[in-house]
Amino acid sequence: MAPCAFPRKSRDIPAMTHAYRSHTCGQLRIDHKGQDIRLSGWVHRVRDHGGLLFIDLRDHYGLTQIVIDPASPAFKAAEKVRSEWVIRVDGKVQPRPAGTENSELPTGLIEIAASEITVHSEARELPLPVFGDTEYPEDIRLKYRFLDLRRDRIHGNIMKRGAIIDSLRRRMKEQGFFEFQTPILTASSPEGARDYLVPSRVHPGKFYALPQAPQQFKQLLMMSGFDRYFQIAPCFRDEDARADRSPGEFYQLDIEMSFVTQQDVFDAVEPVLRGVFEEFGGGYSVTPKFPMIAFRDSVRWYGTDKPDLRNPIKMQNVTEHFRGSGFKVFAGMIAADPKVEVWAIPAPKGGSRAFCDRMNSWAQQQGQPGLGYVFWRDGEEGAAGPIAKNIGLERTEAIKSQLALETGDAAFFVAGVPAKFYKFAGEARTKVGQDLDIIANDRFDFCWIVDFPMYEWNEDDKKVDFSHNPFSMPQGGLEALESKDPLDILAYQYDIVCNGVELSSGAIRNHRPDVMKKAFEIAGYAEEVLLEKFGGMYRAFQYGAPPHGGIAPGVDRIVMLLCNEPNIREVVPFPMNQQAEDLLMGAPSEATPKQLRELHIRLNLPE
RNA sequence: GCGGGAGUAGCUCAGUUGGUUAGAGCGUCGCCCUGUCACGGCGAAGGUCGCGGGUUCGAGCCCCGUCUCUCGCGCCA
């Protein structure tokens with residue numbers, strides 16, 4: 001695990017006469033010996049020796065050991081305290097007796113000899129111990145989030161989150177970006193995700209929507225003549241959760257720039273992300289110059305548009321080696337359909353029957369017919385495995401040479417129409433990498449995925465759809481839209497990916513009303529739709545729109561990566577559960593009849 | 001909406017092929033303990049085995065249904 005604990009600097013609280021504390025629990029050192037001090041905090045742990053009693057007192061800043069002698073007037077109170085009570089301790093700083101120092105604690109050379117203990121507040125028996133690092137069920141953690149957040153790891157994560165956001169802001173401002181606020185109550189927009197709606201009291205039957213992203217506002221700011229926009233922007237989408245996706249709401253580092261090419265956006269964003277990952281990445285190496293990978297290549301090489309480049313495996317097309325070969329299954333498929341390809345997944349050091357068989361049965365568990373393979377082992381001429389026998393030495397040698405493999409290695413094969421199998425091939429690539437333990441886990445490997453297709457074929461509706469953002473500028477502009485097959489048109493649309501996590505999507509926007517009209521027409525939308533759905537922005541395009549583009553990296557995912565947490569709830573202070581409920585606040589909740597009346601809403605609940 | 005996993009004490013978990021009174025650690029409560037930092041020792045309380053039904057002489061365990069949590073798919077431009 002990457003280091004997550006976030007260092008907390010103690011504040012100076014000078015006066016012993018302060019009602020609660022003269023110092024924090026992370027502050028006192030050997031230099032303070034002999035001083036009379038006052039601390040307030042939570043009882044982290046009590047060790048009662050009968051004749052001598054220790055209390056670990058904890059606050060945001062750290063832990064200090066309190067020692068109470070039976071002769072002390074504080075002893076009676078100390079015997080009563082329990083975990084997570086909040087107390088105030090008056091006492092004297094003293095060096096710990098020789099041999100009892102605790103080198104794991106910054107305050108471990110000293111302790112406080114208590115003279116008085118005052119209880120600020122007691123705690124009931126805990127549903128969730130703060131002490132220790134056991135895993136607890138999500139629902140209890142969320143219901144008692146205030147206890148959960150006292151625990152060291154998540155407390156550190158939340159502090160680190162704040163520091164990362166500070167750093168992002170600072171780096172953006174250094175590059176001449178200016179932070180704006182955009183409306184939270186706005187209009188519904190058919191941008192893809194389901195909207196959260198807010199009923200209007202003043203306008204019966206009408207609704208605001210919470211923004212899925214400030215997309216149109218940031219573009220409007222560019223058309224309003226502001227040059228470089230950013231915002232740590234809350235975004236709302238009513239879609240189901242995943243481990244790396246909060247239900248309901250999340251934050252983006254939303255960015256937009258005027259008079260820029262795609263490369264200008266990359267040049268602006270790359271140093272911000274690299275800087276933040278170097279600053280908070282716990283010494284992991286960060287890609288010095290983010291490579292650009294075309295969407296099409298990413299799918300061919302990695303089986304996904306969000307490749308984890310820490311995995312060195314790159315797939316290759318080996319169709320020709322199987323065409324007309326003795327391995328009839330593949331040869332037959334290739335002969336029957338010109339779209340069929342065979343892809344190879346090289347598996348360095350995977351050359352054993354045990355490993356290859358394990359991969360094969362894994363593939364079957366995934367609902368695949370199996371996973372063909374050949375492997376090369378010591379003291380054996382040519383390759384081993386059933387396929388090798390069928391296609392013969394010459395072809396296996398050609399495959400070995402193309403994939404640059406050696407004795408002791410293996411190659412797995414997936415065959416079919418790539419559009420149908422690439423996803424599985426990507427999973428197999430990941431599985432091979434994981435099982436062979438060749439994924440570098442001490443790096444942040446970034447890349448840009450570029451040249452996304454502008455349109456895709458919607459098989460259900462038998463029509464052409466926008467494949468990503470309808471506001472993206474098609475490569476080749478109006479001419480491409482008018483002359484090319486829509487499915488061949490690429491867009492100035494890009495993603496940034498780190499360690500297999502999609503951090504962000506972005507695009508150079510379409511700022512030309514004529515091009516936009518045509519682009520929507522191809523997707524089957526008349527100009528009226530454009531006017532109705534995107535009226536404000538479409539109007540703005542008519543009055544002098546600068547070429548512009550941007551991107552919006554997901555803040556929560558950046559923090560997840562930097563805290564090395566697999567679940568987004570570990571880096572969000574008050575997350576909702578998978579069902580989009582806030583178990584602490586009890587949201588969502590029913591509205592009163594009065595509220596509903598004011599909003600002109602009558603419920604029509606499911607049976 | 002669909003599929004996988006889980007649900008036993010306040011918390012983390014064990015519980016054999018279906019067989020006596022369902023166990024352990026932590027926590028709680030009581031007693032003992034002057035150098036601990038996962039303190040230690042002795043004792044006690046604490047259970048609708050998620051819920052409902054079924055099979056059986058007998059169910060924590062088997063079957064059916066259902067609820068909750070979680071992971072994934074769909075969904076998320």
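Residue numbers begin at 1 in each chain, while the letters A, B, ... track the order of the sequences. Below, each value reflects all heavy atoms present in this structure, side chains not excepted, and no hydrogens, waters or symmetry copies.
Residue-to-nucleotide contacts include a donor-acceptor pair under 3.5 Å from the side chain of R245(A) to the base of C76(B). Applying the 3.5 Å distance criterion, the base of C37(B) shares a donor-acceptor pair with the side chain of R96(A).
Note on P127(A): only backbone sugar-phosphate atoms sit closer than 4.0 angstrom, heavy atoms only; bases stay farther off.
Applying the ring-ring contact (aromatic ring centres under 6.0 Å, His included) criterion to F424(A), with sequence neighbours excluded, gives W362(A).
The separation between R242(A) atom CZ and G72(B) atom P is 6 Å, rounded to whole Å.
Between G74(B) and K423(A), a contact under 4.0 Å exists linking OP1 or OP2 to a side-chain N or O. When the side-chain nitrogen and oxygen atoms of R47(A) are compared with OP1 and OP2 of U36(B), none of them lie within a distance under 4.0 Å.
Relative to the six-membered ring of F131(A), R45(A) meets both conditions, a distance below 6.0 Å and an angle of at most 45° to the axis.
Listed by residue number, the members of residues 572-583 of chain A with any heavy atom below 4.0 angstrom from RNA chain B are N577(A), Q578(A), Q579(A), E581(A).
Residue D56(A) has its side chain nearest to C37(B) when only C37(B), U70(B), A77(B) are considered. Residue P137(A) places its side chain closer to U12(B) than to any other of G35(B), U70(B), U12(B).
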Distances for protein N/O vs nucleotides 24-27 of chain B N/O pairs under 3.5 angstrom?
{"from": "G27(B)", "atom 1": "N2", "to": "E125(A)", "atom 2": "OE2", "distance (Å)": "3.3"}
{"from": "G27(B)", "atom 1": "N3", "to": "E125(A)", "atom 2": "OE2", "distance (Å)": "3.3"}

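Across all strands shown, C69(B) forms a Watson-Crick or G-U wobble pair with G5(B), both key distances being under 3.5 Å.
In this structure, the aromatic ring of H49(A) is not positioned over the six-membered ring of the base of C33(B) within 5.5 Å between centres and 30° between planes.
For the residue pair E527(A) and Y538(A), a side-chain donor N or O sits within less than 3.5 Å of a side-chain acceptor on the partner. Side-chain N/O atoms of Q65(A) and R47(A) include a donor and acceptor closer than 3.5 Å.
A centroid separation of less than 6.0 Å is found between the aromatic rings of F266(A) and Y494(A).
A donor-acceptor contact shorter than 3.5 Å links the side chain of S467(A) to the backbone of P453(A). Proximity of a side-chain donor or acceptor of D59(A) to a complementary backbone N or O of G62(A) within less than 3.5 Å is detected. Of the possible donor and acceptor atoms, one in the side chain of D485(A) sits under 3.5 Å from a partner among the backbone N and O of L487(A).
Taking atom P on both nucleotides, G19(B) is separated from G74(B) by 44 Å, rounded to a whole Å. For the C1' atoms, the distance linking G10(B) with U28(B) amounts to 8 Å, nearest Å.
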